[in-house]
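Heads up: the structure comes next, in structure tokens.
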Amino acid sequence: QVQLVESGGGLVQAGDSLKLSCTVSGGTFSTTVMAWFRQAPGKEREFVAGIGRSGTTTYYADSVKGRFTISRDNAKDTLYLQMRNLKPGDTAVYYCGWRSGTKISPTEGLYIYWGKGTQVTVSS
């Protein structure tokens with residue numbers, strides 16, 4: 001059974017940085033596309049960033065482009081999200097997702113395994 005565990009969330013001020021991690025077990029991490037999604041209170045879960053299997057291909061939502069960086073360490077079975085210049089609008093629960101396919105996609109339904117999420121709160 002594939003398990004994903006997010007960590008690194010917290011309470012920060014606007015303009016601060018934070019780095020999230022997602023540790024994966026029970027599957028072959030290096031063969032799957034991974035992504036970060038987030039869900040703010042009262043809103044649907046939305047795509048943040050995705051990364052290809054080797055880590056060389058990435059894709060970002062317009063709202064985070066230039067501020068967030070997704071990366072992965074296949075030797076450690078770990079996915080990362082470096083977040084810089086955080087804004088109050090980034091406040092959400094952040095989830096990592098495991099895709100059943102070979103291409104990055106912003107479509108939530110294509111990701112078949114999820115972690116339980118980590119809370120990120122950005123104060124103004």
Side-chain angles (χ1 to χ4, degrees):
Q1 174 102 21
V2 176
Q3 292 186 323
L4 289 70
V5 179
E6 302 93 339
S7 62
L11 172 63
V12 297
Q13 294 185 335
D16 284 352
S17 298
L18 207 57
K19 187 173 185 177
L20 306 182
S21 299
C22 170
T23 302
V24 179
S25 61
T28 307
F29 179 73
S30 62
T31 65
T32 188
V33 167
M34 297 291 296
W36 288 98
F37 284 71
R38 67 186 181 186
Q39 187 168 21
K43 295 186 177 181
E44 295 185 351
R45 189 152 54 180
E46 63 174 2
F47 175 83
V48 174
I51 188 166
R53 292 173 292 177
S54 67
T56 56
T57 303
T58 58
Y59 180 65
Y60 296 92
D62 288 343
S63 60
V64 306
K65 201 173 293 183
R67 299 188 298 121
F68 290 11
T69 302
I70 188 172
S71 62
R72 66 192 297 163
D73 186 336
N74 286 345
K76 295 182 178 180
D77 291 349
T78 303
L79 177 73
Y80 303 100
L81 185 68
Q82 176 69 56
M83 305 183 292
R84 297 181 177 85
N85 190 22
L86 282 160
K87 304 175 181 180
D90 295 319
T91 295
V93 177
Y94 284 71
Y95 300 89
C96 58
W98 166 300
R99 159 100 216 255
S100 61
T102 59
K103 294 185 178 180
I104 302 170
S105 172
T107 303
E108 180 184 351
L110 295 177
Y111 294 80
I112 60 173
Y113 298 114
W114 296 92
K116 294 183 178 180
T118 185
Q119 176 71 48
V120 172
T121 303
V122 185
S123 64
S124 57

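Aromatic ring centroids of W114 and F37 lie under 6.0 Å apart. In this structure, Y95 has its ring center at least 6.0 angstrom away from the ring center of Y111.
A donor-acceptor pair under 3.5 Å is absent between the side-chain atoms of T107 and the main chain of G109, judged by distance alone.
E108 pairs with exactly one of R38, R45, R99 by the salt bridge (charged side-chain N to carboxylate O under 4.0 Å, His left out) rule, that one being R45.
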Worksheet item: Checking side-chain contact (heavy atoms from CB on, under 4.5 Å) for the pair K19/L81: CA distance, chi angles, key distance, verdict?
Response: CA-CA 6 Å; K19 187 173 185 177; L81 185 68; over 6 Å; no
Worksheet item: Does the side-chain contact (heavy atoms from CB on, under 4.5 Å) test come out yes or no for F29 and T78, once each step is laid out?
Response: CA-CA 8 Å; F29 179 73; T78 303; 5.7 Å; no
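Of the charged side-chain nitrogens involved, none lies within less than 4.0 Å of a carboxylate oxygen, so that E6 and K116 do not count as a salt-bridged pair.
Placement of L86 and V93 in two distinct hydrophobic clusters is found when ILVMFWY residues are connected by side-chain heavy-atom separations under 4.5 Å, directly or transitively.
What you find for S123 and P88 is that their closest heavy atoms are C-CG, 4.5 Å. Across all non-hydrogen atoms, the minimal contact from A40 to A92 is N-CB, 3.8 Å. Nearest heavy atom pair, residue V2 against residue G26, reads CG2-O, 3.7 Å. Closest of all the heavy-atom pairs between Y94 and V48 is CE2-CG2, 4.3 Å.
Counting heavy atoms from C-beta outward, L20 and V120 have side chains that approach closer than 4.5 Å.
The CD1 atom of I104 sits 12.5 Å away from atom CG of L110, with the distance rounded to the nearest 0.5 Å. Rounding to the nearest 0.5 angstrom, the gap separating the OG atom in S21 from the CZ atom in R72 is 13.5 Å.
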Show which side-chain atoms of residues 55-68 pair as donor or acceptor with protein atoms under 3.5 Å away, not counting sequence neighbours.
unit_1	atom_1	unit_2	atom_2	d
T56	OG1	S54	OG	2.9
Y60	OH	I70	N	2.9
D62	OD1	K65	NZ	3.1
R67	NH1	N85	O	3.0
R67	NH1	D90	OD2	2.8
R67	NH2	S63	O	3.0
R67	NH2	D90	OD1	3.0
R67	NH2	D90	OD2	3.4

